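To start, the structure under review is shown below, and the notes come after it.
Here the structure is a predicted model, which is why all the values come from computation and not from measurement.
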Amino acid sequence: MRFQDLLAYKKSFALAMKIFEISKTFPKEERYSLTDQIRRSSRSVSANIAESYAKRLYPKYFINKLTDSDAENLETQVCMEYAMECQYIKKEIFDEMVSESQEIGKLIYFMINNPDKFGSK
């Protein structure tokens, strides 16, 4: 299996791409703050999942990278909340993206608690 085949990776990558498209509509003055931050944190979720998979033979490293991924996922949720409160996105879009993010969090949590199912020893 490749890391691209992991459900958590697929869903986190898709959410990061959705955030990228939505963030294109953010005001220019947010370019180097919220826009940059939400894009970086959302992309980091899938990047850390990929890194964790590369370290799957070492359970502690595998779990460590997954906890980094989970933290980035939560940071992304905070950025989405700011975007909604600043009225850059509608509540419906916010709710949809947070729901997707929470699902990703559950998948990451499953991986953390079941490293042996992903090749860890």
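- Atom OG of residue Ser99 and atom CD of residue Gln77 lie 10.0 Å apart, to the nearest 0.5 angstrom.
- Side-chain contact check for Pro115 versus Arg56: every heavy-atom pair is 4.5 Å or farther apart.
- Within 6.0 Å of OH in Tyr82 there are 12 or fewer heavy atoms belonging to other residues, nucleotides or ligands.
- Note on Leu7 and Ile108: separate hydrophobic clusters, where clusters join Ile, Leu, Val, Met, Phe, Trp and Tyr whose side-chain heavy atoms are under 4.5 Å apart, directly or indirectly.
- Following chains of ILVMFWY side-chain contacts shorter than 4.5 Å, one cannot reach Val98 starting from Leu107, and the two form parts of different hydrophobic clusters.
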Test log, rule side-chain contact (heavy atoms from CB on, under 4.5 Å), inputs Lys65 and Tyr53: CA-CA 9 Å; Lys65 292 311 293 181; Tyr53 195 70; over 6 Å; no
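- Asn48 CG to Lys55 NZ: the interatomic distance, rounded to the nearest 0.5 Å, is 9.5 Å.
- A salt bridge links Glu21 with Lys24; the closest basic N to acidic carboxylate O contact falls under 4.0 Å.
- Under a 4.5 Å side-chain heavy-atom criterion applied to ILVMFWY residues, the cluster that includes Tyr61 comprises Leu57, Tyr58 as well.
- Cluster membership check: Ile38 does not share its hydrophobic cluster with Leu74, using side-chain heavy-atom separations under 4.5 Å among Ile, Leu, Val, Met, Phe, Trp and Tyr.
- Considering Leu6, Val45, Asn73 as possible partners of Ser12, the one that fulfils the side-chain contact (heavy atoms from CB on, under 4.5 Å) test is Val45.
- Summarising the geometry, atom CZ belonging to Phe118 is positioned 11.5 Å from atom CD1 belonging to Ile63; distances are rounded to the nearest 0.5 Å.
- For the 3.5 Å distance criterion, the side chains of Thr76 and Ser41 qualify, holding a donor opposite an acceptor.
- A distance of 9.5 Å separates OG of Ser42 from CD1 of Ile104, quoted to the nearest 0.5 Å.
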side-chain contact (heavy atoms from CB on, under 4.5 Å) between Lys18 and Glu96, worked out: CA-CA 11 Å; Lys18 184 183 289 187; Glu96 178 184 314; 2.8 Å; yes
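- Under a 3.5 Å cut-off, the side chain of Asn114 and the backbone N or O of Phe110 do form a donor-acceptor pair.
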Trace of the side-chain contact (heavy atoms from CB on, under 4.5 Å) decision for Leu66 with Tyr109: CA-CA 8 Å; Leu66 287 171; Tyr109 188 75; over 6 Å; no
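- Nearest approach of Ile49 to Ser69, heavy atoms of both residues: CG1-OG, 3.4 Å.
- Between the side chain of Asn64 and the backbone N or O of Lys60, no donor-acceptor pair lies under 3.5 Å.
- With salt bridges taken as basic N to acidic carboxylate O contacts below 4.0 Å, one links Glu103 and Lys11.
- The nearest pair of heavy atoms linking Met97 to Ile22 is SD-CD1, 3.5 Å.
- Atom OG1 of Thr67 is separated from atom CZ of Phe62 by 11.0 Å, given to the nearest 0.5 angstrom.
- The number of heavy-atom neighbours closer than 6.0 Å to CD of Gln87, taken from other residues, nucleotides and ligands shown, is 12 or below.
- Applying the side chain to side chain donor-acceptor pair (under 3.5 Å) test to pairs two or more places apart or on separate chains, those with a residue in residues 30-39 are Ser23-Arg39, Glu30-Ser33, Glu30-Tyr88, Asp36-Arg40, Gln37-Arg40, Gln37-Glu75.
- Remark: Tyr9 pairs with Phe3, Phe13 by the ring pair (Phe, Tyr, Trp, His ring centres under 6.0 Å) rule, at least two apart or across chains.
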